[in-house]
Peer 1: 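Following this message is one structure expressed as structure tokens.
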Amino acid sequence: MDKNRAIMELRRMPKTIKADAQTWRRLVANGLMRMEFYAKIFAKPNTRRTTDKRVRKHIRKALRNILETLGHIQQRTEYMWKRVRLFKDDEDLSHHCINCELTTAKLHDFLQFLKMRYDYEWEVKEMVVLALENLNNDCDVDNDNDILLAAWRDNRHAGGSEFDNKLREFFKTANIAET
């Protein structure tokens with residue numbers, strides 16, 4: 001294993017984590033906005049027939065794209081976690097300080113936390129997108145729309161105060177300014 005290359009990889013990871021966390025939040029908020037629009041449109045009985053297919057198709061496509069990008073972030077986080085786990089097994093890298101306060105072990109623990117949270121939230125988002133694709137008629141839309149909207153909005157594993165506090169603490173430890 002090339003130690004210098006591994007050290008450079010470890011130093012880049014906190015910035016990647018920050019960019020991914022910001023993108024994750026933006027995409028989840030964008031998806032929520034689209035879900036709310038979907039719910040609002042189909043709550044009006046007069047607009048269902050004229051806009052039904054076109055709006056459903058557009059929103060489903062947008063949500064699939066969001067889910068795909070969230071999946072890339074989830075996979076990148078898992079990849080970083082596996083790399084750091086590998087580095088932890090190396091005697092020299094296991095005690096390496098990425099900066100004054102951030103060690104390989106702390107980065108590993110945070111990536112494990114992040115990976116777990118992203119996995120859980122991605123599964124919920126995937127369930128919502130798949131359920132939207134399986135809605136066939138107005139009756140289904142009326143019954144399931146509120147449930148799907150609530151699932152997207154309320155099941156935030158990569159959000160909430162505990163998650164935000166851990167993220168803030170990590171950024172402070174990694175010496176990365178929050179935005």
Peer 1: How far apart are the closest heavy atoms of N165 and R168, and which atoms are they?
Peer 2: OD1-NH2, 2.9 Å
Peer 1: Are L86 and Y79 co-members of a hydrophobic cluster defined by side-chain heavy atoms under 4.5 Å apart?
Peer 2: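 As far as the 4.5 Å side-chain criterion goes, L86 and Y79 are not connected within one cluster.
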Peer 1: Can you hop from M33 to L132 via hydrophobic side chains spaced under 4.5 Å?
Peer 2: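 No, because M33 and L132 fall into different hydrophobic clusters, even though each may have its own neighbours under 4.5 Å.
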Peer 1: Give me the one residue out of F170, W81, F171 that meets ring-ring contact (aromatic ring centres under 6.0 Å, His included) with F110.
Peer 2: F170
Peer 1: Should L67 and I73 be regarded as members of a common hydrophobic cluster, given that ILVMFWY residues are connected when their side-chain heavy atoms come within less than 4.5 Å of each other, either directly or indirectly?
Peer 2: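 Shared cluster, yes.
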Peer 1: When you check the gap from the basic side-chain N to the acidic O, do E121 and R117 get nearer than 4.0 Å?
Peer 2: no
Peer 1: Just do the side-chain contact (heavy atoms from CB on, under 4.5 Å) check on R83 and M13 with the steps written out, would you?
Peer 2: CA-CA 10 Å; R83 294 290 293 166; M13 284 183 188; 4.0 Å; yes
Peer 1: Under 3.5 Å, side chain of W152 to main-chain N/O of K125, donor-acceptor pair present?
Peer 2: no
Peer 1: When the ring planes of W24 and Y118 are compared, do they come out parallel, tilted or perpendicular, using 30° and 60° as the limits?
Peer 2: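 Ring orientation of W24 relative to Y118: parallel.
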Peer 1: Can you see which heavy atom on A174 is nearest to which on L102, and at what distance?
Peer 2: CB-CD2, 3.8 Å
Peer 1: Of the non-hydrogen atoms in A151 and V124, which two are nearest, and what is the gap between them?
Peer 2: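 Here A151 and V124 meet closest at O-CG1, 3.5 Å.
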Peer 1: Do I17 and M116 belong to the same hydrophobic cluster, where Ile, Leu, Val, Met, Phe, Trp and Tyr are linked whenever their side-chain heavy atoms lie under 4.5 Å apart, directly or via other members?
Peer 2: no
Peer 1: If you look at every heavy atom in L167 and R25, which pair is closest and at what distance?
Peer 2: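 In this case the closest contact between L167 and R25 is CD2-NH2, 3.6 Å.
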Peer 1: Between E78 and K82, is there a salt bridge with N-O shorter than 4.0 Å?
Peer 2: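 Looking at E78 together with K82, the answer is yes, because their closest N to O distance falls below 4.0 Å.
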Peer 1: Do N30 and R34 have side-chain N/O donor and acceptor atoms under 3.5 Å apart?
Peer 2: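 Their side chains do contain a donor-acceptor pair, which is all the 3.5 Å distance test asks for.
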Peer 1: Walk me through whether M35 and L63 qualify under side-chain contact (heavy atoms from CB on, under 4.5 Å).
Peer 2: CA-CA 9 Å; M35 289 292 298; L63 288 172; 3.5 Å; yes
Peer 1: Under 4.0 Å between a Lys/Arg side-chain N and an Asp/Glu carboxylate O for D119 and K115?
Peer 2: yes
Peer 1: Using a strict cut-off of less than 4.0 Å between a Lys/Arg side-chain nitrogen and an Asp/Glu carboxylate oxygen, indicate whether K166 and D109 qualify as a salt bridge.
Peer 2: no
